[in-house]
Amino acid sequence: MLKPKPSLDLLADLLDGLDIGLCAFDASDRTLGWNQTFLYLFPEHDGFVHVGEHYRENLLRFYRTRLTSDEFRYVEEYVASGIARHQAQSRPFEFEHRGTWLRVSAQTIPGIGRVRLWRPITREAAPAAAAAAAEAARGAPDGIAAANADGRIVSANRQFGQLYGLGPAEAVGLTLEAVVARAWQEAGGEAPGQLLARLRESLLFAGAPFEVSLPGDRWTRVIEHVRESGARTGVHFDITALKREQAALRAAEAEASRRASHFRGIIEHAPSGMLVVDAAGILVEANRAFRSALGDGTGGGLVGRPLAALAPPEEADRLAALLARAATEAGPIPTEMRFRRPDGATLWARVSAVRLALPPDPASPLLHPTLLQVEDVTARREAERRIAHMADHDALTDLPNRTLFRARLDALLGGEACAILWLDLDRFKVVNDTLGHAAGDTLLCEVARRMRAVLRSEDTLARLGGDEFAVLLPGADPLAASRAAARLVEAMQAPVTVAGRAMHVGVSIGVVLAPCHGGDADTLMARADRALYGAKAAGRSTFRLYDPAMDAAVAERHGLELDLRLGLERGEFALHYQPIVTAAERRVVCREALVRWHHPTRGLVPPASFIPLAEETGLIDRLGAWILRRACRDAAAWPDGTRVAVNVSAAQVRHGPLIAAVQGALRESGLRPDRLEIEITESLPIEGEAADLLMALRRLGVRIALDDFGTGYSSLSYLRRFPFDTIKIDRSFIADIADPGTAAIVRAVVGIGAQLGATITAEGIETEDQLAAAQREGCTEVQGYLFGKPVPLEA
């Protein structure tokens with residue numbers, strides 16, 4: 001009996017029905033074909049393996065879809081090892097794949113090539129392994145049913161019946177639709193209508209795979225091969241595990257998507273700036289807080305751009321280092337950096353970067369993202385900048401202060417030559433005391449503006465305090481320094497309008513050069529101060545270059561200051577008195593107290609030498625208080641009841657407790673207030689506090705005299721501001737009183753004094769002719785050597 005010759009179609013059906021997966025290759029390792037069991041065991045190859053393709057190309061495609069970016073460099077290694085195993089396999093081996101243990105073997109077929117076979121096996125192992133093997137066995141692809149052209153089953157194997165819950169013989173004569181409907185009915189339910197309709201439609205298609213849902217959430221996959229006669233062979237795979245895996249994967253993907261959406265929502269509404277960048281540094285998320293801080297309301301122009309494009313170029317290295325550290329180190333990596341706003345302004349931010357381990361998001365795959373928390377610290381940075389600026393700049397003029405000036409000087413010393421100009425304003429106290437501190441501040445700002453205007457951009461102009469300034473001139477020689485000083489003096493010649501009044505304020509300047517005048521800052525600044533003292537001694541509103549001879553003058557001044565302090569403690573001062581008499585009878589009506597200093601080694605020191613020093617050092621208050629006490633005590637003992645006149649320094653009126661000193665002297669001596677006459681000069685501005693002080697003295701009953709009238713800048717306006725009791729015409733007018741013009745001035749002053757009710761005293765009368773002229777012009781009192789020199793009371 002001859003065996004029937006099988007057709008190729010039948011052989012293909014039989015191969016697909018085997019529970020062994022197979023794949024055939026030619027002698028050059030090109031793919032010839034495979035059965036459906038191979039695709040069931042390795043569904044990841046479904047659609048990726050092609051006939052005629054070399055095994056290497058298949059491996060390359062397989063690995064590229066499954067390797068991470070970090071593993072890409074190993075793909076050639078994986079492919080090479082896979083080909084080597086494929087070509088060198090000489091005996092079977094076992095491995096686990098997707099929960100199923102497989103035994104793989106290779107067979108060489110002459111004239112064809114090689115065939116690789118994968119057979120599901122069970123293994124005696126631990127309970128967990130045994131359960132996994134049993135689960136794998138339950139999924140073996142061995143359900144086979146043959147049907148005629150009408151779709152009715154003519155034969156089916158045992159596994160087919162197990163899949164659908166009936167014996168093999170029971171399936172004969174039924175269509176697949178009827179088999180599935182019966183499976184649902186026996187489970188107590190009805191098969192879905194759509195499922196049954198799809199099964200009927202499957203008869204119209206040849207070989208199109210379809211899936212069948214069964215009770216208990218079971219699924220099968222059916223692949224039918226239809227021959228020309230219409231007969232068909234169906235291979236049925238239990239894909240329940242695969243479906244569960246796919247459902248779990250979809251659930252995981254949905255959860256990942258939900259989490260990713262939740263994550264984006266948290267980032268978007270976070271109160272601080274949040275950014276997410278990918279491994280290449282591309283911005284993929286920028287939340288509302290960051291967009292607001294940056295000044296980009298939409299964010300549309302941010303996402304997709306390199307994060308480095310939002311920062312200045314000089315921040316590139318800092319940003320790259322931050323992202324690199326975040327990729328390799330655990331925990332947030334902090335730094336501070338700048339971002340550029342669209343309007344060109346700078347956003348300072350404290351940035352903390354951390355690498356995220358996010359669940360995969362199918363809608364937006366993102367490899368190795370980095371989260372950056374961005375805190376806007378621009379206000380803090382600006383406050384720090386302002387504080388740092390305030391620490392080394394003058395608050396009023398915004399010029400560098402002494403600290404910054406010293407730092408810049410120290411930086412120059414030892415390098416290039418430089419010059420230092422030490423400046424002090426002339427007559428600034430007049431403005432400050434006359435118009436108040438607000439006016440003084442306005443003046444200082446104008447002075448700073450004028451000085452800056454005549455200096456170079458590389459020069460440093462600093463305010464050291466009060467009305468003291470300094471200039472640092474890099475690279476200046478004596479000529480350049482002198483020219484700069486001359487420009488500064490010239491800039492201050494024009495009057496300065498303050499509070500609606502034109503004020504004349506000059507500047508005196510001391511100049512030193514480095515390194516010829518000193519190599520360190522302390523020495524140079526000390527010698528600049530000595531040069532400034534020389535400029536003041538020369539008449540002010542000028543400059544002087546440091547001369548070593550100035551050291552001796554400074555030493556002398558310091559010695560005199562020390563002796564002055566000791567002299568006050570030792571009682572080395574005495575009062576001499578010069579009489580003031582009536583012009584008609586030559587009767588003594590007042591005596592002017594004049595202080596004298598009898599130094600034990602210097603001898604008689606003239607007042608012109610120590611009075612200015614006492615004013616500069618603040619000793620004038622002690623000396624003035626002593627003069628008042630002594631003069632009042634002496635006058636209280638005079639039997640003739642004459643007045644005593646005491647000169648008061650402008651410094652005493654501006655800064656000293658003059659009222660308390662006068663009250664104390666009157667109280668201690670018992671002298672009547674109307675016998676004390678306080679003499680002031682036109683150097684004291686009678687406005688503000690000074691005017692209040694003089695009025696307080698008037699209320700005490702003390703007389704106020706204007707001494708040296710005519711030597712100031714505004715003599716007539718002076719008389720209008722305060723009702724003086726006595727006006728003393730300066731000796732310079734009396735010396736020229738024979739001149740008709742001078743006599744007319746004296747006559748006018750006498751007339752004004754008479755209208756004001758003031759006594760007019762002519763100073764410096766030395767001859768009878770001068771006395772006669774003073775009498776003719778109407779002076780009521782006279783003083784001078786003609787009537788007596790200043791002498792002590794004992795004389």
Side-chain angles (χ1 to χ4, degrees), residues 429-431 433-436 499 501 580-584 589-593 624 628 631-632 635 641-663 665-666 671-731 733-734 744-763 774 777-783:
K429 290 183 175 66
V430 174
V431 177
D433 295 332
T434 301
L435 303 178
R501 295 181 57 183
I580 300 173
V581 303
T582 60
V589 291
C590 184
R591 294 180 179 88
E592 181 177 1
L628 278 168
C632 289
T642 57
R643 307 189 310 272
V644 62
V646 178
N647 290 282
V648 173
S649 167
Q652 289 177 266
V653 178
R654 285 195 296 262
H655 307 297
L658 183 59
I659 296 294
V662 170
Q663 289 175 326
L666 293 173
L671 184 69
R672 294 197 323 270
D674 62 342
R675 290 184 62 197
L676 175 61
E677 187 169 271
I678 299 296
E679 292 188 5
I680 65 170
T681 65
E682 291 182 65
S683 62
L684 173 68
I686 306 179
E687 291 185 12
E689 296 180 1
D692 294 340
L693 185 144
L694 293 179
M695 290 302 299
L697 290 175
R698 285 293 299 274
R699 287 192 293 270
L700 290 176
V702 176
R703 293 171 59 88
I704 307 296
L706 178 59
D707 195 14
D708 300 333
F709 180 78
T711 59
Y713 293 97
S714 53
S715 299
L716 294 179
S717 62
Y718 224 75
L719 298 178
R720 190 174 64 248
R721 295 189 201 122
F722 191 83
F724 290 97
D725 297 291
T726 299
I727 300 173
K728 301 181 74 173
I729 300 176
D730 187 69
R731 64 182 64 249
F733 289 96
I734 301 305
I745 293 175
V746 173
R747 190 180 312 118
V749 173
V750 171
I752 293 173
Q755 293 182 4
L756 297 176
T759 299
I760 305 300
T761 301
E763 295 183 302
E777 302 304 335
C779 294
T780 54
E781 293 181 357
V782 292
Q783 180 183 10

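Contacts of Arg698 classified as salt bridge (Lys or Arg N to Asp or Glu O under 4.0 Å), with partners at least two apart in sequence or in another chain: Asp725. Residues that satisfy the side-chain contact (heavy atoms from CB on, under 4.5 Å) test with Ala635, not counting sequence neighbours, are Trp638, Val644, Leu671, Arg675. Scored by the salt bridge (Lys or Arg N to Asp or Glu O under 4.0 Å) test, Glu677 finds Arg643, Arg703 as partners (sequence neighbours excluded).
In this structure, CD1 in Ile704 is found 9.5 Å from CE in Met695, a value given to the nearest 0.5 Å. Here the straight-line distance linking atom CD of Glu679 with atom CG of Asp708 works out to 8.0 Å at 0.5 Å rounding. Atom CD of Gln663 sits about 5.0 Å away from atom CG of Leu700, to the nearest 0.5 Å. Annotation: the span from Ile680 atom CD1 to Leu706 atom CG amounts to 6.0 Å, rounded to 0.5 Å. Note: Gln783 CD to Ile734 CD1 = 11.0 Å, rounded to the nearest 0.5 Å.
For the pair Ile745 and Ile729, the minimum side-chain heavy-atom distance is 4.5 Å or more. Between Leu666 and Cys632, some side-chain heavy-atom pair lies under the 4.5 Å cut-off. Inter-residue side-chain proximity for Ile580 and Thr642 is flagged as unmet; no heavy-atom pair is nearer than 4.5 Å.
Pairing each heavy atom of Phe709 with each of Phe733, the nearest pair is O-CE1, 3.7 Å. The minimum heavy-atom distance linking Val782 with Ala774 is given by the pair CG1-CB, 4.4 Å. Between Arg699 and Asp692, the shortest heavy-atom contact is NH2-O, 4.4 Å. Looking at every heavy atom in both residues, Phe724 comes nearest to Ala758 through O-CB, 3.3 Å. What you find for Cys779 and Ala583 is that their closest heavy atoms are O-CB, 3.4 Å. For the pair Ile678 and Val702, the tightest heavy-atom approach, listed with the atom from each and the gap, is CG1-CG1, 3.6 Å.
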Might you work through the side-chain contact (heavy atoms from CB on, under 4.5 Å) test for Ile760 and Val746, ending with a clear yes or no?
-> CA-CA 10 Å; Ile760 305 300; Val746 173; over 6 Å; no
Under the criterion side-chain contact (heavy atoms from CB on, under 4.5 Å), I'd like the reasoning laid out for Asp707 against Glu763: C-alpha separation, chi angles, the key distance, then a yes or no. CA-CA 9 Å; Asp707 195 14; Glu763 295 183 302; 2.7 Å; yes
